[in-house]
Amino acid sequence: MLIGICGSICSGKHITAEYLVQHHGFLRLHLPSDAQLLSNTPEDAKRLLPSVTDQKGTRGLTFPDVDSLLDFVTKRWREHWVLTDIHDETTLELLLRRPFFLLLSIDAPVSLRYQRFTNRCTTRHLDPMPLLDFITTNDIQLYGSLNSSAPTTPGVDGRPSHNPGIAHLLPRAHLQILNQYTSIPSYYTFLSSLELPSPIRLRPTWDAYFMTLASLASLRSNCMKRRVGCVLVSNSRIISTGYNGTPRNLTNCNEGGCERCNNTGRAGGVGLSTCLCLHAEENALLEAGRERIREGSVLYCDTCPCLTCSVKIAQVGVKEVVYSQSYNMDEASRAVLKEAGVELRQFSPPRSGLVGMGTSYQAGWEDLGGELVVR
């Protein structure tokens, strides 16, 4: 497994890498640093070098380019590696092609990152650059050169070309972490909850795979009350998919086709007898037909089926229902399915997207044991 980490200056890229090294046996890999790309002077380059260079035991293997790095890792992909030097789209494209690669992006509020940067400079006996210069340097890193005097990189013909920045790389991360933590132990505790080295993050289990497809199906829903999607499966093969919305040839719900769903004063689960929308489960069962629903079929739904759908699920012979989000009829549905011999199980895939919101923070890391470990 190779975990790549990218992010803004002093967001916590290297402390995240060190967590993987210390707690999960990862080894660090390096590509040429981008510090020179962001600095006009040698002193700025020293300021921008990550704090990990001040620590012992953080050395790793350095490669001249991504091709040689990938050649090395491909032969040892079952081992654990971490890389923080991802600065351009070409490098990322090559990495993303490999089934053993996982990309994390790390970010933090700029005021917190500047405090970390100031602490880093103090540790190195350097004067920190002013806040405005830090913000400008940060903008160059994220969005590329802002003016003709900004640092440039050599082009293919030897002439200077502007650094394009990494902002367009960050949304491609499999997991985006907002690092607002006040101490390294609290941040490590948070990271442990993410199970970053889990094989599921590289190749989802069948449960995670089909639940993701159910969530994707829900995006086709036109129901004004709630988007729901499901997938009907037999022997790990898809029989049919479904999402909720008005029947064929009727006006779509989101265009006013269902009066009940467009009544904003009516709560979910109320007045279902007047609803014109077919539920995701109903659509999937109708699409499959009774003759295609084989023994042992499993229904994956991103929301627990309602009572009406549970009765139909029991009737057609589905043997298991796996859902992600709860609904206000969970217990009634559970009772019906249990009596019919249908297993009902909740499954939530590993967290993805942006995580780390809602945590409080103070400027800077805590000074642990007399050693300021700012990244």
Side-chain angles (χ1 to χ4, degrees), residues 200 204-250 252-254 257-258 260-261 268-273 275-353:
I200 297 177
T205 62
W206 287 119
D207 277 350
Y209 176 67
F210 290 125
M211 194 61 74
T212 300
L213 293 179
S215 296
L216 181 61
S218 74
L219 299 182
R220 284 286 302 166
S221 170
N222 61 63
C223 180
M224 292 297 288
K225 284 295 185 185
R226 178 194 293 260
R227 279 179 162 177
V228 181
C230 72
V231 178
L232 185 61
V233 176
S234 177
N235 295 321
S236 299
R237 296 294 179 269
I238 297 172
I239 300 175
S240 64
T241 64
Y243 53 87
N244 57 328
T246 47
R248 185 178 303 173
N249 297 326
L250 269 66
N252 285 336
C253 181
N254 60 357
C258 177
R260 179 259 175 188
C261 288
V270 177
L272 292 177
S273 61
C275 184
L276 297 182
C277 289
L278 286 166
H279 289 193
E281 302 92 327
E282 292 175 310
N283 273 323
L285 296 178
L286 287 169
E287 176 68 22
R290 179 67 182 87
E291 67 280 358
R292 293 178 61 201
I293 301 176
R294 307 176 187 91
E295 182 178 354
S297 293
V298 180
L299 186 87
Y300 287 88
C301 193
D302 66 352
T303 304
C304 186
C306 70
L307 181 59
T308 302
C309 286
S310 296
V311 171
K312 296 172 183 176
I313 290 167
Q315 174 66 13
V316 298
V318 170
K319 292 302 180 184
E320 184 179 18
V321 174
V322 185
Y323 71 97
S324 177
Q325 305 172 48
S326 292
Y327 189 50
N328 56 11
M329 296 183 182
D330 283 15
E331 292 309 312
S333 298
R334 188 181 305 279
V336 165
L337 293 173
K338 181 178 180 181
E339 183 175 350
V342 180
E343 181 181 353
L344 180 64
R345 175 167 59 89
Q346 186 170 18
F347 170 80
S348 296
R351 283 183 287 172
S352 59

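When a residue number appears, it is its place in the shown sequence, counting from 1. What you see is a predicted model; the values in this text were computed from it and never measured.
- You'll find the side chain of L299 reaches within 4.5 Å of the side chain of C230, heavy atoms only.
- At least one side-chain heavy atom of C277 sits less than 4.5 Å from a side-chain heavy atom of T246.
- Heavy-atom minimum distance, S333 versus L307: OG-N, 3.4 Å.
- Between R248 atom CZ and L286 atom CG the span is 10.0 Å, to the nearest 0.5 Å.
- In this view, K312 and E282 satisfy the side-chain hydrogen bond (donor to acceptor under 3.5 Å, both in side chains) rule, not counting sequence neighbours.
- Atom CZ in R226 sits 11.0 Å away from atom SG in C261 (nearest 0.5 Å).
- Residues R292 and S297 form no side-chain contact, since every pair of their non-hydrogen atoms from C-beta on lies 4.5 Å or further apart.
- For the residue pair S324 / D302, no side-chain donor-acceptor distance below 3.5 Å is found, with atom types taken as modelled.
- Residue V322 is tested with L344, V231, V233, V298 for a side chain to side chain contact (heavy atoms under 4.5 Å, CB included); the sole match is V298.
- By the 4.5 Å heavy-atom criterion applied to side chains, T241 and L213 are not counted as neighbours.
- Atom NE2 of residue H279 and atom CG of residue N244 lie 7.0 Å apart, to the nearest 0.5 angstrom.
- Screening residues 323-336 for salt bridge (Lys or Arg N to Asp or Glu O under 4.0 Å), with sequence neighbours left out, gives E331-R334.
- Here the shortest heavy-atom pairing between I239 and I293 reads CD1-CA, 4.5 Å.
- Judged purely by distance below 3.5 Å, without hydrogens or angles, the side chains of N222 and Y243 never pair a donor atom with an acceptor atom.
- The distance from the CZ atom of R237 to the CZ atom of R294 is 11.0 Å, given to the nearest 0.5 Å.
- In this structure, T212 and P204 have side chains that are not in contact, with every pair of non-hydrogen atoms separated by 4.5 Å or more.
- The structure places CD of Q346 at 8.0 Å from SG of C304, a figure rounded to the nearest 0.5 Å.
- C301 has its side chain within reach of V228: a pair of non-hydrogen atoms, C-beta onward, lies under 4.5 Å apart.
- Side-chain contact check for Q315 versus L285: every heavy-atom pair is 4.5 Å or farther apart.
- Here the options are C309, S310, C306, the test is side chain to side chain contact (heavy atoms under 4.5 Å, CB included), and the partner is M329; only C306 passes.
- Between atom CD of residue E287 and atom CG of residue L232 there is a gap of 10.5 Å, rounded to the nearest 0.5 Å.
- Ring orientation note: the planes of F210 and W206 are close to parallel, at an angle under 30° on the 30°/60° scale.
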